[in-house]
Novice: 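What follows is a single structure, and I will ask about it in a moment.
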2 protein chains.
Amino acid sequence: MDDLDREILDLLRANARMPTSEIAQRVGLSAAPVARRIARMEASGVIKGYTAIVADSSVGEIDAFTEIRLTGQTDTREIEEIARQVPEVQQFFTISGDPDGLLRFRVRSVEHLQSVVNAIRRTGLVAGTKTLIVMSTWDRATDVGGSGREQRALDAP
Amino acid sequence: MDDLDREILDLLRANARMPTSEIAQRVGLSAAPVARRIARMEASGVIKGYTAIVADSSVGEIDAFTEIRLTGQTDTREIEEIARQVPEVQQFFTISGDPDGLLRFRVRSVEHLQSVVNAIRRTGLVAGTKTLIVMSTWDRATDVGGSGREQRALDAP
DNA sequence: GGTGAAAGAAGGAAGAG
DNA sequence: CTCTTCCTTCTTTCACC
């Protein structure tokens, strides 16, 4: 993991479908070593995957978050069990503090939302939930003009 | 937007780097119409982009969410202004209810986290913040075994 | 939506620094 | 040990049916 790897990661975060040859050109290498670096990062788990960012509303779906508070004796790792039981859950985050976790899911309607929230409660693992319905989303990685380095302003703490 | 488009979306969500030829094979079409459909969805804004999912901890970064409550007179669309002023912000979500928004960002350290939270407060747009530090993440789209259709359990409300 | 040809990208092998 | 340069194979893209 050197600076070149981090540059490659930034470019892939901005556009996961960017050809290796273009990445190579931007970081000042030829294509072969870039491909090898990407393969290495995929194998080592630094890169967990590539995904398309879809405007849920244009597919007629609702994007929502549910904060969950686990029951006293529940290990935070059991949040995975909720995701397993509720197939609408797309992502979860284990949180240090309050709440204990954040679930993100997509539903087709408000009725469907209700049934998903109830399914989460029915797992018996959660002491309480609070659901946040997303009205709009924005992502720097895919925003226009965001074409590389300016996406990582992590240099100035 | 027909069922074929939705299948293609599912496959791209699961693996944005999947070759068009393989998508074509899975949905039972040839490569050319699949490429046309993807291009159309990109142009119409259904597909907003493609991104790599990176294990932040392996890059030595902290992933965090901050719930924000806006000051009384602030339009929810001004959350965009916060993202513009605080370059560490990677994503934001406009929420219906309480809180008004959710910001997601990456930082290098706890000190850096503090400075970002303060930068958010300093915008003058927020009445309050609550920050959630992510300990672990999971994403169905990139989870092993998630190879297509079973990711969309949206059929049974 | 399918087909076929041209342009381009990916992956592998050999060699230079 | 890592980058570069080819070379082959596969993919994408564009014409047109």
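Residue numbers begin at 1 in each chain, while the letters A, B, ... track the order of the sequences.
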Novice: Any salt bridge linking A:D139 with A:R13? Criterion: basic side-chain nitrogen under 4.0 Å from a carboxylate oxygen.
Specialist: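 Here A:D139 does not pair with A:R13 in a salt bridge, since their nearest N and O are not under 4.0 Å apart.
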Novice: Of all residues at least two apart in sequence or in a different chain, which pass the side chain to side chain donor-acceptor pair (under 3.5 Å) check with A:E42?
Specialist: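 Testing A:E42 for side chain to side chain donor-acceptor pair (under 3.5 Å), a comparison that skips the adjacent residues, returns A:Y50.
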Novice: Using 4.0 Å as the upper bound for N to carboxylate O, is an ion pair formed by A:E61 and A:R106?
Specialist: yes
Novice: If you walk 5' to 3' along DNA chain C, what is the first nucleotide with an atom under 4.0 Å of a heavy atom in chain A, and what is the last?
Specialist: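 Boundary nucleotides touching chain A, in 5' to 3' order, are C:dA9 to C:dA10.
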Novice: According to side-chain contact (heavy atoms from CB on, under 4.5 Å), who are the partners of A:R69, at least two apart in sequence or on a separate chain?
Specialist: A:E67, A:D98, A:P99, A:D100
Novice: Using salt bridge (charged side-chain N to carboxylate O under 4.0 Å, His left out) as the criterion, list what pairs up with A:R84, not counting sequence neighbours.
Specialist: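 With sequence neighbours excluded, A:R84 shows a salt bridge (charged side-chain N to carboxylate O under 4.0 Å, His left out) to A:E81, given in chain and number order.
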Novice: Taking five pairs at each end, how big is the angle between the two axes of the helix from C:dG1-D:dC17 to C:dG17-D:dC1, to 10°?
Specialist: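 For the helix from C:dG1-D:dC17 to C:dG17-D:dC1, the axes at opposite ends meet at about 30°.
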Novice: For A:R121, enumerate each residue passing the salt bridge (charged side-chain N to carboxylate O under 4.0 Å, His left out) test, keeping only those at least two apart in sequence or located in another chain.
Specialist: none
Novice: Near DNA chain D, counting only heavy atoms under 4.0 Å, which residues of residues 38-52 of chain A show up?
Specialist: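 Residues of residues 38-52 of chain A under 4.0 Å from DNA chain D: none.
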Novice: Pick from B:L125, B:T129, B:T131: which one makes a side chain to side chain contact (heavy atoms under 4.5 Å, CB included) with B:I120?
Specialist: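 Option passing the side chain to side chain contact (heavy atoms under 4.5 Å, CB included) with B:I120: B:T129.
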Novice: My understanding is that a hydrophobic cluster links ILVMFWY residues whose side chain heavy atoms are under 4.5 Å apart, including indirect links. Using that, what else belongs to the cluster containing B:F93?
Specialist: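 For the cluster that includes B:F93, the remaining residues are A:F65, A:F93, A:I95, A:L102, A:L132, A:V134, B:F65, B:I95, B:L102, B:L132, B:V134.
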Novice: Got a sec, which pairs hit salt bridge (charged side-chain N to carboxylate O under 4.0 Å, His left out) with one end in residues 70-80 of chain B, sequence neighbours left out?
Specialist: B:D75-B:R77
Novice: Not counting sequence neighbours, which residues clear salt bridge (charged side-chain N to carboxylate O under 4.0 Å, His left out) with B:D63? List them please.
Specialist: B:R104
Novice: With a 4.5 Å limit on heavy-atom distance, are the side chains of A:I79 and A:L103 in contact?
Specialist: yes
Novice: Assign a letter to each nucleotide of nucleotides 2-17 of chain D from its 5' end: B, base within under 4.0 Å of a protein heavy atom; S, sugar-phosphate only; -, no contact.
Specialist: -BBB-----SS-B---
Novice: Identify, with sequence neighbours excluded, every residue that meets salt bridge (charged side-chain N to carboxylate O under 4.0 Å, His left out) alongside B:R17.
Specialist: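 B:R17: no salt bridge (charged side-chain N to carboxylate O under 4.0 Å, His left out) contacts found.
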